[in-house]
Amino acid sequence: MGLEEAREQYEAALKAGRKTYRENIRKGRNPYLQVLDEILDGVSVAGHMSMGLVEIPADMIAGTKTAGRTAAFAADFMPLLPENSEFGAKWIQLCSAHLSDEGIRDPVRCYEYLGRFYVLEGNKRVSVLKSYGARSVPGVVTRLIPEYSEDYEIKRYYEFMDYYQKTKLYQVRFTRPGSFPKLQAALGYEPDHVWTQEQQRIFRSGFCNFSAALEKFTDEELSVTTADILLVWLLVYPFEGLKEMSPSELVSSLHTIWQDVKALEKGGPIEVSTDDESVEDARGFMEKLKATVFPSRLKVAFIHELSPEVSNWTSAHEEGRHKMQEIMGDKVETLVYMNVGTGFKAEAALEDAARRGVQLIFTSTPSLIAQCRKFAAQHSNVKILNCSVAMAYTGVRTFYSRMYEGKFIAGAIAGAISRCDNIGYVASYPIFGVPAEINAFALGAQLTNPRARIELKWACVPGQPVEELKEKGHDVISALDVPIPGWSNGLWGTFLVKPDGDTELLASPYWDWGTFYTKLVTSVMDGGWDTLNFSKDSEHAVNYWWGLDSGVVGIEYADAMPDGVKALALILEESIINDSIRPFHRPIVDQNGTVRNDGSKYFSYQEILNMDWLCDNVDGKIPSFEEMTEKGQNIARVQGIYRDNIIPEKEGVIL
């Protein structure tokens with residue numbers, strides 16, 4: 001009976017193999033197994049490593065070591081030779097043994113190179129096991145280690161070899177560097193944790209369930225791995241869910257994260273809305289439909305990590321909410337959640353807003369992005385925004401402002417008024433957009449004083465940066481920006497240090513969140529949210545990054561500022577608004593002597609947002625993660641320009 005069943009299995013496998021052969025020929029691909037000896041031709045191998053007995057993932061067995069048996073197998077290891085051939089007879093005998101009580105016990109012998117396996121002995125064993133859908137094949141493995149280089153695939157493989165020592169899992173392969181520490185954190189492990197055999201077994205079981213659900217969910221070819229997708233999933237669901245969820249529930253859960261998976265596959269594209277034209281354009285087209293399709297009254301929630309009493313940032317956003325409410329009147333009903341932190345209380349606030357019928361939610365700090373993502377994955381009917389930038393998540397839109405435009409003008413004012421060539425500057429955190437603000441200020445100062453140099457200090461590094469700059473004799477200092485117009489508490493904005501030590505505000509950019517909230521709420525009510533062509537079903541993340549031309553960024557000018565300097569500042573402001581001046585459209589050299597712009601280039605908004613270098617007239621550097629205060633480190637984990645290189649905490653935001 002076993003022999004007859006084995007013949008039937010060979011017939012089915014032969015049919016599958018010939019189908020694979022034809023499909024690969026049609027697509028212009030190699031129809032046979034890959035040959036490691038051919039792959040290694042001309043390649044330098046740094047060394048060999050015996051890996052012992054390994055449970056090899058079946059889908060990672062790519063071919064054979066030598067070319068001797070390639071014509072007998074299709075590219076998926078299914079047979080190509082007829083049943084009456086010597087090969088066919090041996091395959092059937094091996095299959096019959098597999099079906100008996102004896103089974104296939106002897107491990108195959110393989111070489112592993114760059115994470116793929118090539119069979120030296122046991123090709124037919126692999127073929128039989130794969131024909132039955134085996135997920136793994138036992139094998140004695142020798143690893144061939146390539147010489148290290150800066151090639152992306154080699155670097156990624158060296159990272160894999162490092163974490164393989166901790167997990168002993170070949171199934172876990174990532175396409176993005178730094179993903180393994182994030183997996184460790186998502187599972188509740190320390191970065192250097194070495195997995196026990198029991199932990200390996202539990203993970204394999206959960207990973208197998210997840211892989212099966214993914215196969216049912218989609219059959220499309222993806223450029224990201226199953227492990228990449230699992231990492232996205234683990235931000236929303238706990239690992240225990242892989243055991244507790246039914247197969248249908250697991251498949252359904254993939255629907256909630258799939259747009260973020262597609263964004264990851266495309267490299268995390270972020271559509272930057274740099275002005276409010278879409279808000280205006282939407283009105284004419286949607287006016288006739290508004291009464292029947294779009295709401296005439298909107299319920300909006302504002303969720304703040306801290307309270308206004310302890311946070312100027314929250315106070316500024318609350319000022320904006322009040323302004324929006326005053327302008328919109330009874331068209332808008334607002335709910336406010338204060339001091340929710342970044343944990344369970346924040347998640348509870350989001351869920352409460354949903355239960356109360358909120359249609360639009362604003363969260364005012366980047367550290368709430370993880371809670372926003374979880375909420376968005378499970379509440380696709382609620383529009384949600386987070387005050388941050390460079391977050392490539394499709395379910396949550398982000399908003400910030402182009403403060404570098406105001407900083408350019410503040411720099412020009414500082415260069416014109418300073419009695420010396422050295423100007424002090426205090427930056428907030430090394431997050432996306434801040435290096436652009438520093439550089440814009442430095443270029444503005446050069447505009448009015450070609451000899452101007454900027455001494456850079458950081459508020460996120462222990463010390464008293466403003467006092468340190470004053471003690472060094474800087475007569476003009478740019479400190480942190482005023483949160484709202486009319487703000488006069490403390491040393492804010494760009495100010496003059498008088499001979500007696502007193503200070504006098506000159507100018508400062510500020511955020512007008514009331515204008516932003518009013519325009520965004522109006523846009524939602526008029527249909528502008530969807531006419532941006534970035535709907536919930538889009539594979540793009542959206543960042544509203546508005547500047548002076550939208551009114552979301554303004555500049556506070558002090559009455560005491562000299563008339564001529566103020567006139568120049570107003571000319572620059574108007575020129576930026578009408579796009580006749582762009583701060584970075586000029587020759588620029590960085591601190592290392594690299595020419596960043598020869599004067600002919602227009603930087604894209606993505607290039608400006610992702611700046612991680614400083615102009616050559618800036619004295620100072622971007623602080624390392626270790627140099628910052630705990631608060632600075634927490635912010636850098638979420639928004640830092642080098643966040644992908646920071647080892648995530650076991651408990652905290654996993655991005």
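What you see below is based on every heavy atom in this structure, not just the backbone, and it leaves out hydrogens, waters and symmetry mates. If you read the sequence from its start, that first residue is 1, and numbering goes on from there.
- Between the side chain of E305 and the backbone N or O of L368 there is no donor-acceptor pair closer than 3.5 Å.
- The backbone N or O of E574 lies less than 3.5 Å from a partner atom in the side chain of N578, making a donor-acceptor pair.
- The distance between the ring centers of F603 and H585 does not fall below 6.0 angstrom.
- Side chain of S211 to backbone of T226: no donor-acceptor contact under 3.5 angstrom is found.
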message: As a quick check of understanding, evaluate side chain to side chain donor-acceptor pair (under 3.5 Å) for H304 and S364, giving each step before the final call.
response: CA-CA 6 Å; H304 304 298; S364 59; 2.8 Å; yes
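- At a cut-off of 3.5 Å, with distance as the only test, no side-chain donor of S315 or N312 sits close to an acceptor on the other residue.
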query: Do F399 and W513 pass the side-chain contact (heavy atoms from CB on, under 4.5 Å) test, and can you show the C-alpha distance, the side-chain angles, and the key distance before you say yes or no?
result: CA-CA 10 Å; F399 63 100; W513 295 123; 3.8 Å; yes
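- In terms of heavy-atom proximity, A479 sits nearest to F495 at CB-CE2, 3.9 Å.
- With S550 contributing its side chain and W546 its backbone, the two residues share no donor-acceptor pair below 3.5 Å.
- Using a 3.5 Å distance cut-off with no hydrogens or angles, the side chains of W511 and S401 do pair a donor with an acceptor.
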task: Kindly determine whether R582 and E405 satisfy salt bridge (Lys or Arg N to Asp or Glu O under 4.0 Å), including the steps that lead there.
output: CA-CA 8 Å; R582 295 189 184 183; E405 295 176 345; over 6 Å; no
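- For the residue pair N439/Y404, the side-chain donor-acceptor check at 3.5 Å is not satisfied.
- For the side-chain contact (heavy atoms from CB on, under 4.5 Å) test with I327, the passing option among M324, K323, Q325, K331 is K323; the others fail.
- Between G206 and F239, the shortest heavy-atom distance links the atoms CA-CZ, 4.2 Å.
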task: Show your working on side chain to side chain donor-acceptor pair (under 3.5 Å) between E309 and S307 and close with a plain yes or no.
output: CA-CA 5 Å; E309 290 75 23; S307 66; 3.2 Å; yes
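- Counting only distance, with no hydrogens or angles, the side chain of Y163 and the backbone of V172 share a donor-acceptor pair below 3.5 Å.
- The closest side-chain donor-acceptor pair between T363 and N386 falls under 3.5 angstrom.
- Of the charged side-chain nitrogens involved, at least one lies within less than 4.0 Å of a carboxylate oxygen, so that E627 and K621 count as a salt-bridged pair.
- A pairwise comparison of heavy atoms in A353 and I361 identifies CB-CD1, 4.1 Å as the closest pair.
- Electrostatic pairing of R156 and E159 does not count as a salt bridge here, judged by no charged N lying under 4.0 Å from a carboxylate O.
- Among all heavy-atom pairs drawn from Y517 and G320, the shortest one is CD1-C, 3.8 Å.
- In this structure, E607 contributes its side chain and S604 its backbone to a donor-acceptor pair below 3.5 Å.
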field: Stepwise side-chain contact (heavy atoms from CB on, under 4.5 Å) test for T334 and V332
entry: CA-CA 6 Å; T334 61; V332 173; 3.7 Å; yes
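- Under a 4.0 Å N-O distance rule, the pair R402/D549 qualifies as a salt bridge.
- Between the side chain of S253 and the backbone N or O of L250, at least one donor-acceptor pair lies under 3.5 Å.
- Side-chain atoms of N610 come within 3.5 Å of backbone atoms of Q606 as a donor-acceptor pair (strictly under, hydrogens ignored).
- Nearest heavy-atom pair across E573 and I555 is OE1-CD1, 4.2 Å.
- Within 6.0 Å of atom CD in E220, more than 12 heavy atoms from other residues, nucleotides or ligands are found, so the atom counts as buried in its surroundings.
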- prompt: Which is it for T342 and Q371 under the side chain to side chain donor-acceptor pair (under 3.5 Å) test, yes or no, and what are the steps along the way?
  reply: CA-CA 7 Å; T342 58; Q371 287 72 29; 5.4 Å; no
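- At least one donor-acceptor pair under 3.5 Å links the side chain of N597 to the backbone N or O of F584.
- Closest heavy-atom contact between N209 and L242: ND2-O, 3.0 Å.
- Side-chain atoms of K519 never come within 3.5 Å of backbone atoms of G514 as a donor-acceptor pair (strictly under, hydrogens ignored).
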task: Check step by step if salt bridge (Lys or Arg N to Asp or Glu O under 4.0 Å) holds for R321 and E326.
output: CA-CA 9 Å; R321 180 182 69 85; E326 183 179 339; over 6 Å; no
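- More than 12 non-hydrogen atoms from other residues, nucleotides or ligands lie less than 6.0 angstrom from CD of E249.
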